[in-house]
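Labels below follow one simple rule: chain letters A, B, ... track the order of the sequence lines, proteins then strands, and each chain is numbered from 1.
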There are 2 protein chains.
Amino acid sequence: MTAKKEIELAGDNRLPLYQRLAETLTSDIVDRVWRPGDRLPSEAELAKRYNVAPGTARQAVSLLVEDGLLDRRQGTGTFVRKPTFDTSLFRFFRFQSSDGERLIPESRILRREVIKAPSAVSRALAIEPDSLVISISRLRLMDGVPVMGEEIWLDESRFHSLMDMEDAEIGPLLYPIYDTHFDQVVARAKESLTVDTADDMHARLLDLNKGDPLIVIDRLAVGFDNKPIEWRRSRGRADRFQYHIEIN
Amino acid sequence: MTAKKEIELAGDNRLPLYQRLAETLTSDIVDRVWRPGDRLPSEAELAKRYNVAPGTARQAVSLLVEDGLLDRRQGTGTFVRKPTFDTSLFRFFRFQSSDGERLIPESRILRREVIKAPSAVSRALAIEPDSLVISISRLRLMDGVPVMGEEIWLDESRFHSLMDMEDAEIGPLLYPIYDTHFDQVVARAKESLTVDTADDMHARLLDLNKGDPLIVIDRLAVGFDNKPIEWRRSRGRADRFQYHIEIN
DNA sequence: GAGTGGTCTAGACCACATC
DNA sequence: ATGTGGTCTAGACCACTCG
């Protein structure tokens, strides 16, 4: 017997090999053994390392590519995908900047405080009722015109020091902050769209009349392990809203 | 040399085999060689017939399963999927019938006529400007309550005899009619969602006040070959609207 | 040129559904 | 019991990217 170089696969050993390998790779990504942007070992290398056939390693990688975790580039390698969220919120709003460019709206933080989690929030974030959460209110503007109001909730115990940061330090994008300062990578999100009408406060905020239609977007952002990271509710002017779907 | 039983594959011969086989299978489905509900030959059989390795046939089938054209059932076979449109329009509206059951709303045809295609319609249906189209107005009701108004446009030359049918004969679902009477199978659809406010007519129709928010859903229904079959614009009460998305 | 993923072959055995 | 898809092996050669 020669010494074994193979590594044990995670998961129930009644599961198919390629699924167990996929699980193993996933937890390596969650645990940041491989970080977004990193190149994975080649498929052949993975196969050797985990003692499976190349085709099986390939199948495992394919699973994660489908899930959007990995990114294959022919001739170059397979990479851990950086969660870009190109596909996000602002996909819904066609801001004047017509030429299809992805513009990041200006961001103005209105309020930031630690409160006891409202029940809807603790449920969404899967934390104990009445735990402390950080609550942030932001106004989003395009070319100085207010287009959306956001309320954001975070588990205070994981994002404690966010309260100490300056508004300027935070900037217009929160997810990179979660990543760099709190080691929380948003991998996926679930959104729910509804229509509501503007109350006094949002009418004033978004330069509308009371009763004008608003698009309400609830979003739960989760990590690679599907654990909740952030919950937010955004309200935008419905007249700027457009959304496309393909049905199969 | 023995006689060849193999069948020629469609498509550019510089393309991968599995893609050409997928194309071949797709056109057989479009041409109704295999109809929705039919079982395809087994993967091994396909491989023999088209003279490719089993794995390659499998890859081709996988493509079409991903596209939603085929449906694999372990131990049973691979079937041509019936376009059910579970995933459709009424997914957006949560009708009272809370228990998640898929209810088909009642349907009342308000108007049916042949007109010259408005330019937006001829463009959507990819037909000549000013061609004749059938225009249908319908009201959709749940438990007697109006929830949505629909305007539907069809190429008159392909749906001519629809004008001779009785309202009752048409019933609440149009796509089965397109299938059975006109050999037009709706395979996919693209929808676009926007928010508008109710004009007098829709306020009356949907029991709203003028200016109340409406969800406007534009839908282009296409066949397996991606050619337009029907275009419709639906307007529904925004307060019944809810939509969920996963972002990766 | 070396290394990567992309395609393809030609089998094997297993799990499952149906008769 | 038979036939189906599901998994897996162990290769081959090609197309692409990069240094």
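With respect to the salt-bridge test (charged N to carboxylate O, under 4.0 angstrom), the residues A/R232 and A/E191 do not qualify. Ion pairing between a basic and an acidic side chain is recognised when a charged N comes within 4.0 Å of a carboxylate O; A/R32 and A/D183 show such pairing. Ion pairing between a basic and an acidic side chain is recognised when a charged N comes within 4.0 Å of a carboxylate O; A/D28 and A/R35 show no such pairing.
The side chain to side chain donor-acceptor pair (under 3.5 Å) search around A/R158 returns A/Q184, not counting sequence neighbours.
Atom CD of B/E169 is surrounded by more than 12 heavy atoms from other residues, nucleotides or ligands within 6.0 Å.
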Enumerate all atom pairs, one protein N or O and one N or O from nucleotides 4-6 of chain C, separated by less than 3.5 Å.
from	atom 1	to	atom 2	distance (Å)
C/dT4	O2	A/G75	N	3.4
C/dG5	OP1	A/T78	N	3.2
C/dG5	OP1	A/T78	OG1	3.0
C/dG5	OP2	A/E43	N	3.0
C/dG6	OP2	A/R58	NH1	3.3
C/dG6	OP2	A/R58	NH2	2.8
C/dG6	OP2	A/R72	NE	3.0

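Between A/T56 and D/dT9, a side-chain N or O to OP1/OP2 separation shorter than 4.0 Å is present.
Atom NZ of A/K48 is separated from atom P of D/dT9 by 15 Å (rounded to the nearest Å). Rounded to an integer number of Å, the gap from B/R20 CZ to C/dT7 P is 14 Å. The interatomic distance linking A/L17 (CG) with C/dC13 (P) rounds to 17 Å, in whole Å. Between B/Q19 atom CD and D/dC14 atom P the separation is 18 Å, expressed in whole Å. Between the P atom of C/dT9 and the CG atom of B/L46 lies a distance of 14 Å, rounded to the nearest Å. For A/D71 and D/dT17, the CG to P distance is 13 Å, given to the nearest whole Å. In this structure, A/F79 atom CZ and C/dG3 atom P are separated by 16 Å, rounded to whole Å.
Applying salt bridge (Lys or Arg N to Asp or Glu O under 4.0 Å) to B/E150 and the options B/R140, B/R219, B/R233 leaves one that passes, B/R140.
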